[in-house]
Amino acid sequence: MSKISAPKGTRDILPPETAAWQHAEKVFADVCSRYGYQEIRIPTFEQTELFQRGVGDTTDVVQKEMYTFDDKGGRSMTLRPEGTAGVVRSYLENGMASLPSPVRLFYNITAFRYEKMQKGRYREFHQFGCEVFGSEGPIVDAELVSLLDLYFRELGLKETSLRINSIGCPVCRAEYNQKLKDYLAPHLDALCETCQSRYDRNPLRIIDCKETSCKPIVREAPALLDNLCPECQTHFDGFCKHLEELEINYTIDKGIVRGLDYYTRTVFEFVSEHVGTQGTICGGGRYDGLVEQVGGQPTPGIGFALGVERLLMELEQQQAAMPGPARPSIYIAALGDAGDQARKWTWKLRSLGIRAETDLMGRSLKAQMKYAGKQSFRFSTVIGDDEITAGKIRLKDMNEHSESEVSFEQAEALLADHQKQQG
RNA sequence: GUGGGAUUAGCUCAGUUGGUUAGAGUGCCAGAUUGUGGCUCUGGAGGUCGUGGGUUCGAUUCCCAUAUCCCACCCCA
């Protein structure tokens, strides 16, 4: 019989690493709530059609990376490849359009893409994200970026650069696409195979091509940012201005196009050097046409998704201080028949909020002490017949090697106090 | 989807120019005269040498296939 292993592209997240995850999640939820974002939880799978309409039929994600299956009722379902489409569906289905605007939501999800594995890329991966509905102005765009900026700062993440761009609206993009095609037409033969097929379907994506054959041609191509309609230009200028007001550094990168079809106007990425070639830690942008695309009234929206694996990898690279598992406070060694009393007191300590353990293995005193040392308990004590009759224990400080004789009540107060300081 | 590297104990890795019962370090369990940990010493458990074929008297070692992991391309978080 062959061994069963975790499916390709998935991985177990184990202690002590889980402590860093909890920290990242906690700080994210906390920063979001300060900005007025509330958490939404959505299904892990949706009707396949949602992603076809929402993410876009022409994208790589939908064309070849989705985990799609038929359920027993013959309905086509897909494990979510990202979060935005599901949030938009929920926004509409639950009538959130009638909530006071803007509607601010955040989420913490797993997502699934059937891709070849690489550093910082998994088939099941985690994203934190935010979505804002109902506000069209560039202030929201800047607010979202500032939320990320604050989050990164609170985690101690540095050396991450923000790149921004605008990819216009349907009006200016149509004009630009024509202009781009006019420019590319004479070079068409020199472009790579995929770009030749992109020429008719989605010429904008050619800008993003990394093929050596395409790069020199693309470099001279007209940029969408230089061909925005007046409205989009004003919006982009406003976005830049608000970032400057908030003293957030950014670089304009005319090459950012984003891989999902729903983006309009503002697009941005936070990029790092250390996460292999998967340098994008966080990507986002405005999607003013998406709500309508999924079947609602025209509603402006904007959001981002943050790759948690990549974020944690980057934090580790930068050796940012991340908390480890909480250190247990006290080990209660049980001696002989006093085991019952030891367990009883351990349970009481836990009800007082103290991280306490006692023997479960029926081990010798020496072995119990060894365990307490290895698990780095701060305090230990031995409970035997002597302690029970005297009503006093010797509380041992494992750091200082010192012991002090105290009553059970004094020990409880001391431990509670100690753990309050530890958090 | 294309290409390169890897796979031996829970973990990090030796090794056999093809030859009986496959090693180290670390970790785990136990003990060093039965009321006290981190050092030391002793012992123990733990591997069908990724899986399936082939060559051979004999394969963990050579060949082929396959799986998984790592890395790059593409794309993305």
Side-chain angles (χ1 to χ4, degrees), chain A residues 1-11 14 55 58-66 80-84 108-129 148 192-195 198 205 208-212 214 256-260 263 269-272 275-284 303-314 331-336 338 359 361-387 393-403:
Chain A
M1 200 157 60
S2 58
K3 283 176 193 161
I4 296 176
S5 56
K8 188 185 177 80
T10 67
R11 99 196 164 95
L14 308 170
V55 177
T58 65
T59 59
D60 276 12
V61 171
V62 170
Q63 280 185 343
K64 49 183 199 188
E65 293 172 2
M66 294 208 301
R80 60 186 172 211
E82 54 102 57
T84 303
N108 172 6
I109 61 169
T110 54
F112 306 84
R113 288 182 202 171
Y114 193 89
E115 289 189 283
K116 191 98 172 194
M117 282 205 50
Q118 218 178 120
K119 190 179 183 66
R121 191 168 65 192
Y122 302 92
R123 289 186 173 179
E124 180 187 32
F125 57 102
H126 296 73
Q127 291 186 327
F128 298 158
L148 284 162
C192 73
E193 216 170 291
T194 35
C195 282
R198 283 166 175 158
R205 292 221 58 83
D208 200 31
C209 188
K210 273 93 177 174
E211 286 289 325
T212 44
C214 301
I256 298 180
V257 168
R258 310 287 313 143
L260 310 180
Y263 287 112
E269 292 178 354
F270 282 88
V271 183
S272 110
V275 193
T277 36
Q278 318 303 320
T280 306
I281 290 179
C282 173
F304 67 79
L306 176 67
V308 184
E309 282 84 358
R310 292 178 187 181
L311 172 71
L312 291 172
M313 213 176 282
E314 180 65 17
Y331 184 84
I332 293 130
L335 207 58
D359 179 53
M361 310 281 285
R363 280 199 270 226
S364 70
L365 178 60
K366 194 168 198 165
Q368 293 188 58
M369 291 308 293
K370 227 176 206 174
Y371 175 83
K374 274 184 292 207
Q375 300 292 77
S376 62
F377 281 82
R378 179 60 200 276
F379 299 100
S380 70
T381 193
V382 178
I383 292 189
D385 293 337
D386 295 353
E387 283 74 16
I393 58 170
R394 296 214 303 264
L395 189 65
K396 178 170 185 174
D397 185 319
M398 301 286 276
N399 287 358
E400 312 294 329
H401 304 259
S402 61
E403 289 189 340

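Only heavy atoms go into these numbers, but all of them, side chains included; no hydrogens, no water, no symmetry mates. Letters go in sequence order (proteins before strands), and every chain restarts at 1. Fair warning: this is a prediction, and the values are worked out from it, not measured in the lab.
Atom pair Met117(A):CE and U2(B):P shows a separation of 17 Å (rounding to whole Å applied). Atom pair Asn108(A):CG and A77(B):P shows a separation of 17 Å (rounding to whole Å applied). Atom CD in Gln63(A) sits about 12 Å away from atom C1' in C75(B), given to the nearest Å. Here the P atom of nucleotide G5(B) and the CD atom of Gln118(A) are 17 Å apart, to the nearest Å. Regarding Arg121(A), its CZ atom lies at a distance of 12 Å from the P atom of C70(B), rounded to whole Å. Separating the CD1 atom of Ile383(A) from the C1' atom of G35(B) is a distance of 13 Å, rounded to the nearest angstrom. One can place CG of Asp397(A) at 13 Å from C1' of G37(B), the figure rounded to the nearest angstrom. Atom CG of Leu365(A) and atom C1' of U33(B) are 16 Å apart (whole Å).
Taking every heavy atom of both residues into account, Gly83(A) and Gln127(A) meet most closely at N-OE1, 3.9 Å. In terms of heavy-atom proximity, Thr110(A) sits nearest to Arg80(A) at O-NE, 2.6 Å. Contact between Ala111(A) and Glu82(A) at its shortest, heavy atoms only, is CB-N, 4.1 Å. The minimum heavy-atom distance linking Met313(A) with Gly120(A) is given by the pair CE-CA, 3.6 Å. In terms of heavy-atom proximity, Met369(A) sits nearest to Ser380(A) at CE-OG, 3.5 Å. Across Tyr122(A) and Phe125(A), no two heavy atoms sit closer than the pair O-CD2, 3.5 Å.
For the C1' atoms, the distance linking G54(B) with A59(B) amounts to 11 Å, nearest Å. Taking atom P on both nucleotides, U8(B) is separated from U48(B) by 12 Å, rounded to a whole Å. A45(B) sits 7 Å from C29(B) when the C1' atoms are compared, rounded to a whole Å. A14(B) sits 38 Å from A77(B) when the P atoms are compared, rounded to a whole Å. A22(B) sits 25 Å from G27(B) when the P atoms are compared, rounded to a whole Å. Rounded to a whole angstrom, the distance from the P atom of C13(B) to that of U55(B) is 35 Å. Rounded to the nearest Å, the gap between the C1' atom of G50(B) and that of U61(B) is 15 Å. Comparing A9(B) with C49(B), their P atoms sit 10 Å apart, to the nearest whole Å.
Nucleic acid contact for Glu115(A): base, since at least one base atom lies under 4.0 Å from a heavy atom of the residue. Counting non-hydrogen atoms under 4.0 angstrom, Tyr371(A) reaches nothing in the nucleic acid. Gly9(A) comes within 4.0 angstrom of the backbone, heavy atoms only, and of no base.
Per the stacking criterion (ring centres < 5.5 Å, plane angle < 30°), Phe125(A) stacks onto the base of A77(B).
Nucleotides of RNA chain B nearest to Glu65(A) and Thr381(A) differ in position, and the one nearer the 5' end is that of Thr381(A). If you find the closest nucleotide of RNA chain B to Lys116(A) and to Phe270(A), the one lying nearer the 5' end belongs to Lys116(A).
Note on Arg394(A): every side-chain N or O is 4.0 Å or more away from OP1 and OP2 of G35(B). For C69(B), the OP1/OP2 oxygens have no side-chain nitrogen or oxygen of Arg11(A) closer than 4.0 Å. Between Lys374(A) and the phosphate of C29(B), there is a side-chain N or O to OP1/OP2 separation shorter than 4.0 Å.
In this structure, Tyr331(A) and Phe377(A) have perpendicular ring planes: the angle between them is above 60°, well past the 30° mark.
Nearest nucleotide to the Asp60(A) side chain, out of U36(B), C75(B), A30(B): C75(B). Here the nucleotide nearest the side chain of Glu387(A), chosen from G35(B), A72(B), U36(B), is G35(B). Here the nucleotide nearest the side chain of Lys8(A), chosen from A77(B), U2(B), U68(B), is U68(B). Listed candidates were A77(B), C71(B), C74(B). Nearest to the side chain of Lys119(A) is C71(B). Of the candidates C29(B), U36(B), C74(B), U36(B) carries the atom nearest the Met369(A) side chain, counting heavy atoms from C-beta on. Across G37(B), A30(B), C75(B), the shortest atom-to-atom separation from the side chain of Lys396(A) is found for G37(B). With distances taken from any side-chain atom of Arg310(A) to the nucleotides G37(B), C69(B), A77(B), the minimum falls on A77(B).
For A77(B), its base never sits under 3.5 Å from the side chain of Glu269(A) at any donor and acceptor pair. The base of G35(B) lies outside donor-acceptor range of the side chain of Gln368(A), with no N or O pair under 3.5 Å. With hydrogens and angles left out, the side chain of Lys366(A) and the base of G35(B) share no donor-acceptor pair within 3.5 Å.
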Note to self: Please determine whether side-chain contact (heavy atoms from CB on, under 4.5 Å) holds for the pair Asp60(A) and Glu65(A), giving the CA-CA distance in whole Å, both sets of side-chain angles, and the decisive distance to 0.1 Å.
What the structure shows: CA-CA 7 Å; Asp60(A) 276 12; Glu65(A) 293 172 2; 4.2 Å; yes
Next item on the list: Decide side-chain contact (heavy atoms from CB on, under 4.5 Å) for Tyr114(A) and Arg123(A); before the verdict, give the C-alpha distance in whole Å, the side-chain angles of both, and the deciding distance to 0.1 Å.
Entry: CA-CA 6 Å; Tyr114(A) 193 89; Arg123(A) 289 186 173 179; 3.3 Å; yes
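In RNA chain B, runs of at least 3 consecutive Watson-Crick or G-U pairs, each pair with both distances below 3.5 Å, span B:1-7 with B:67-73, B:10-13 with B:23-26, B:28-32 with B:40-44, B:50-54 with B:62-66.
With Arg378(A) contributing its side chain and Asp397(A) its backbone, the two residues share no donor-acceptor pair below 3.5 Å.
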